[in-house]
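Naming: A, B, ... by sequence-line order, numbering from 1 per chain.
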Amino acid sequence: MPELPEVETIKNELSPQIIGRRFTGITVCDAKLVRQPSVEEFRQKLTGEKIISLKRRGKYLIFHLSGTTMLIIHLKMAGALLLNPEQANHHTRVIFHLDNGSQLIFTDRRRLGAIWLVENELTITGKLGPEPLTPEFTAESLAKRLQSHKAPIKAVLLDQAFIAGIGNMYADEALFAARIHPLRKANSLSSQEIRSLHKAIVDVLRSAIDSRGASVDTYKLPDGELGTAHSNFSVAHRGGKLCPICGTSIQRLAIRNRGSYFCPNCQKL
DNA sequence: CTTGGGACCTGGCTGC
DNA sequence: TGCAGCCAGGTCCCAA
């Protein structure tokens, strides 16, 4: 599932391949994924545009273009961006043709992904909370903002308006690393626990980026390779397996209809 | 404002 | 063997 480390990795590995290239044509195989504007307008406006830079905000990929618009892509659950894949993929939704003959292919088995072409990126990303890997994200700012939330800490970490980029896997991993039960009310954490959580969030995300993301389910890098961050997971996607610290069986709990994995011994309520 | 539940979407897996 | 139903989860929408 693409979360912050996966989208960051895609951005890093795609950038040198596509910066400076121009779109020579767009093939839309599944109109559902093009959210804005109409498919026809999308194709017309994007064709001929040059890619100036590639950025990430939360889990969104943002292509800055030579004209006044920008291309924004969200991979949601099962999306991937593949550059010149060797095999045809029957989940291909959109093909971006580049002026060096390359094809950038958006595949998405579950059709949940989304693409926009907008004048102002804030119409899409404006509601996002702080980026966890920037200096603005401190233990102090985290503590202050947690005070007004009494929902389970797991639910608050998944709220993109509270903090951008954390998804189900890395929320579970960060809470485990900080030894915090996912059902703890956000405003009940001690300042020591908040410092641990802040460090855990940063460590978990940085470590996953170092491993080029986690390839659970369908996540692939633009060159078709897999990330390895999932092999370092302690609890995420490890229901019934043993806690690497104490050997207790990892439990699953549904929070906001999301599977939450934790160690009942290391993360007590 | 915060919160929590359902919907979207497809495919792999499980159990009868 | 077939098939119903669960599970995976990022985000939007709506109701309380």
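Between the side chains of A:His97 and A:Thr27, at least one donor N or O lies within less than 3.5 Å of an accepting N or O. With hydrogens and angles left out, the side-chain atoms of A:Lys154 and A:Ser260 include a donor and acceptor closer than 3.5 Å. Checking A:Thr24 against A:Asp99 by side-chain atom types alone, no donor-acceptor pair falls below 3.5 Å.
Taken from CD1 in A:Ile51 to CD1 in A:Ile18, the straight-line distance is 4.0 Å, to the nearest 0.5 Å. For the atom pair OG1 (A:Thr123) and CE (A:Met70), the distance works out to 9.0 Å, reported to the nearest 0.5 Å. Taken from CD in A:Gln17 to CD1 in A:Ile19, the straight-line distance is 10.5 Å, to the nearest 0.5 Å.
By the side chain to side chain donor-acceptor pair (under 3.5 Å) test, A:Glu136 pairs with A:Thr134, sequence neighbours left out. Among residues two or more places apart in sequence or in another chain, the side chain to side chain donor-acceptor pair (under 3.5 Å) test is passed with A:Arg195 by A:Gln192. For A:Asn232, the side-chain contact (heavy atoms from CB on, under 4.5 Å) partners at least two apart in sequence or on another chain are A:Ser211. Legend: residues meeting ring pair (Phe, Tyr, Trp, His ring centres under 6.0 Å) with A:His149, ordered by chain and number and at least two apart, are A:Phe162. Here A:Asp203 pairs with A:Lys199 under the side-chain contact (heavy atoms from CB on, under 4.5 Å) rule; sequence neighbours left out. Considering only residues two or more places apart in sequence or on other chains, A:His230 meets the side-chain contact (heavy atoms from CB on, under 4.5 Å) condition with A:Ala214, A:Ser215, A:Val216, A:Phe233.
At a threshold of 4.5 Å between non-hydrogen side-chain atoms, the residues A:Ile201 and A:Leu157 count as touching.
DNA chain B is contacted by no residue of residues 153-183 of chain A, taking any non-hydrogen atom closer than 4.0 Å. Using a 4.0 Å cutoff on non-hydrogen atoms, the parts of residues 250-259 of chain A near DNA chain B are A:Arg256, A:Asn257, A:Arg258, ordered by number.
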Sub-3.5 Å pairs of nitrogen or oxygen atoms, protein against nucleotides 11-16 of chain B:
none

Could you list, one pair per line, each protein nitrogen or oxygen that sits under 3.5 Å from a nitrogen or oxygen of nucleotides 14-16 of chain C, together with the distance?
none

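For the pair A:Lys150 and B:dT3, the criterion of a side-chain N or O lying under 4.0 Å from OP1 or OP2 is not met. An OP1 or OP2 oxygen of B:dC1 is reached within less than 4.0 angstrom by no side-chain nitrogen or oxygen of A:His149.
Distance A:Lys32 NZ to C:dT11 P: 14 Å, rounded to the nearest Å. Atom CD1 of A:Ile115 and atom P of C:dT11 are 15 Å apart (whole Å). Atoms NZ (A:Lys76) and P (B:dC9) sit 11 Å apart, rounded to a whole Å. Rounded to whole Å, the distance from CG on A:Leu33 to P on B:dT10 is 10 Å. Taking atom CG on A:Asp30 and atom P on B:dT10, their separation rounds to 9 Å, with Å as the unit. What separates CE of A:Met77 from P of B:dA7 is a distance of 17 Å, to the nearest Å. Taking atom CG on A:Leu112 and atom P on C:dC12, their separation rounds to 12 Å, with Å as the unit. Atom pair A:Lys127:NZ and C:dG10:P shows a separation of 19 Å (rounding to whole Å applied).
Identified under the side-chain hydrogen bond (donor to acceptor under 3.5 Å, both in side chains) test for residues 71-81 of chain A, with sequence neighbours left out: none.
Salt bridge A:Glu13/A:Arg212: present, at least one basic N to carboxylate O contact under 4.0 Å.
Each end of the helix from B:dT2-C:dA16 to B:dC16-C:dG2 gets its own rotation axis from five pairs of C1' atoms, and the angle between them is 50° to the nearest 10 degrees.
Cation-pi contact between A:Arg179 and A:Phe176: present, with separation from the ring centre below 6.0 Å and deviation from the ring axis of at most 45°.
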